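First up is the structure itself, then whatever we jot down about it.
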Protein chains: 2
Amino acid sequence: MNQPSAPSQRTRVRRSANYAAYDQASVHAIVDAAYICHIAFQDAHGAHCIPTACWREGDHLYIHGSNGSRMVKQLLEQDSCVTITHLDGLVLARSAFNHTMNYRSVMIYGRFEIVEGEAKRSTMDVFMERLVPGRQHETRRGNDKEFAATTVLRIALNEAACKTRSGGPNDDEEDMGIQAWVGELPFKQVPAAPVPAADCPVAAPDYVRRWGGEAG
Amino acid sequence: MNQPSAPSQRTRVRRSANYAAYDQASVHAIVDAAYICHIAFQDAHGAHCIPTACWREGDHLYIHGSNGSRMVKQLLEQDSCVTITHLDGLVLARSAFNHTMNYRSVMIYGRFEIVEGEAKRSTMDVFMERLVPGRQHETRRGNDKEFAATTVLRIALNEAACKTRSGGPNDDEEDMGIQAWVGELPFKQVPAAPVPAADCPVAAPDYVRRWGGEAG
């Protein structure tokens with residue numbers, strides 16, 4: 001039997017990978033790529049799915065909301081499910097049913113707990129640094145009144161499952177003769193040109209100039 | 001008192017808009033911009049938040065899944081909440097607590113119902129056309145076995161609330177002297193260069209070439 005030649009760019013198999021992961025590194029990577037999450041919780045009216053900003057500090061996912069919001073109250077009283085999803089692309093196959101999507105997702109189960117005192121203040125700094133690295137000393141930090149009106153919650157990342165898919169399509173053997181383009185149509189979430197406020201008092205700092213590649 | 005001069009590009013106020021909407025046009029626009037949604041439902045173990053592909057046809061949102069999946073079973077037995085969120089950017093203010101995000105979101109409440117027969121087949125065509133306009137006649141349409149293994153569900157869009165925020169920051173009067181860059185750091189979700197499968201049998205058609213601006 002002939003020896004196959006070394007794989008070229010065209011013959012190298014792009015194996016599709018569709019897998020679950022439970023290790024903390026995988027969980028952290030998906031969480032760290034997110035600005036928002038979706039939280040499912042239930043109350044007397046049934047289930048709700050609320051999008052909210054989030055950030056990781058250590059082994060916990062943090063969110064914040066106004067005191068007395070329906071969500072805050074429920075999240076402290078029962079378990080909830082927090083999902084983060086990054087859509088990476090469309091996967092085009094030879095058959096309709098084998099079309100799919102590439103994505104990275106994590107589902108976190110558990111009970112949120114309230115964060116108070118110095119930990120509450122310091123984690124809001126962590127949040128600002130994650131949102132806009134380098135900015136936090138330029139703006140006014142929260143005062144007592146603002147902190148008093150805000151609830152910060154966190155959930156442990158220990159009961160979390162990642163599910164991801166990457167790579168090209170998986171087609172059925174009987175479809176391999178179909179003459180259609182097959183492969184991936186990827187997405188990227190990219191920064192676009194910064195928009196200074198009408199009354200912006202200063203020129204754009206580095207972290208703004210680097211956003212979207214244009215000066216603000 | 002002096003008459004103000006006509007607004008220039010720099011003085012034109014970019015009013016922030018933070019509003020709720022319930023009209024079908026607003027709901028449809030947010031739904032139509034999405035490939036996936038997050039669905040909150042409850043079972044004996046509590047609440048779950050599942051990401052899944054979705055598409056609109058008329059006044060309903062459609063999803064599909066394997067027969068017998070936990071989600072499909074629960075969605076038919078009780079009300080659920082479907083949320084679609086598009087993150088449009090970060091909003092940088094003079095104070096930490098006035099930082100926020102721009103987004104478009106819709107929350108849809110109701111009960112999913114099963115879609116069967118010819119409507120089931122035709123809506124899967126609608127889904128393909130939405131995913132990759134122009135492709136559907138190039139691939140093998142679903143056969144009886146594939147349709148038999150798949151459940152298609154739909155939920156009416158009549159009980160839906162949109163929430164969006166756009167524009168620049170809203171700062172407090174007392175912070176107006178702070179010398180920090182303020183404005184929006186927008187995001188865009190953009191197509192990236194198509195990746196043909198290793199065994200892709202044909203050259204890239206128009207709808208692939210236009211994706212990400214590069215030939216496949």
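Quick note on labels: first sequence line is chain A, next is B, and so on, each numbered from 1. All values derive from a computational prediction rather than experimental measurement.
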Relative to chain B, which segment of Thr150(A) carries a heavy atom at a distance below 4.5 Å: side chain, backbone, both, or neither? side chain
Can you tell which of Gln78(B), Gln42(B), Arg135(B), Met101(B) has the highest number of heavy-atom pairs within less than 4.5 Å of chain A? Arg135(B)
Residue Phe187(B) versus chain A: region with a heavy atom under 4.5 Å: both
Quick one: are Trp211(B) and Pro186(A) in side-chain contact, heavy atoms under 4.5 Å? yes
Say you draw a straight line from NE2 of His48(A) to CZ of Phe41(B); how long is it, rounded to the nearest 0.5 Å? 15.5 Å
Hey, which of Met107(B), Lys163(B), Arg141(B) has the most heavy atom pairs under 4.5 Å with chain A? Met107(B)
Taking every heavy atom of Ala47(B) against every heavy atom of Tyr109(A), the minimum-distance pair comes out as O-CE2, 3.6 Å
Between CH2 of Trp181(B) and CG of Asp206(A), what distance do you get to the nearest 0.5 Å? 13.5 Å
Please list, in residue-number order, every residue in residues 89-96 of chain A that has a heavy atom less than 4.5 Å from any heavy atom of chain B; write 'none' if there are none. Leu90(A), Leu92(A), Ala93(A), Arg94(A), Ser95(A), Ala96(A)
His38(B): ring-ring contact (aromatic ring centres under 6.0 Å, His included) partners, not counting sequence neighbours: His38(A)
Is His99(A) close to chain B through its backbone or its side chain, or both, or neither, when contacts mean heavy atoms under 4.5 Å? side chain
Without swapping roles, check the side chain of Thr85(A) against the backbone of Pro51(B) for a donor-acceptor pair under 3.5 Å. no
Would you call Cys81(A) and Ile50(B) a side-chain contact if the rule is heavy atoms closer than 4.5 Å? no
Mind listing the closest non-hydrogen atom pair of Ala180(B) and Thr139(A) along with its distance? CB-CG2, 4.4 Å
Measuring from atom CG of Asp172(B) to atom CZ of Arg140(A), what distance do you get when rounded to the nearest 0.5 angstrom? 6.0 Å
To the nearest 0.5 angstrom, please state how far the CG atom of Leu185(B) sits from the CZ atom of Arg210(A). 11.5 Å
Could you list the residues that satisfy ring-ring contact (aromatic ring centres under 6.0 Å, His included) with Phe147(A), not counting sequence neighbours? Phe97(B)
Within residues 124-133 of chain A, the residues sitting under 4.5 Å from chain B by heavy atom, in sequence order, are Met124(A), Met128(A), Leu131(A), Val132(A)
Who wins among Gln136(B), Gln189(B), Glu138(B) for the most heavy-atom pairs under 4.5 Å with chain A? Gln189(B)
If you count heavy-atom pairs within less than 4.5 Å of chain A, which of Pro205(B), Pro201(B), Ser105(B) leads? Pro201(B)
Do you know which of Asp79(B), Ile36(B), Asp175(B), Ile178(B) has the most heavy-atom pairs under 4.5 Å to chain A? Asp175(B)
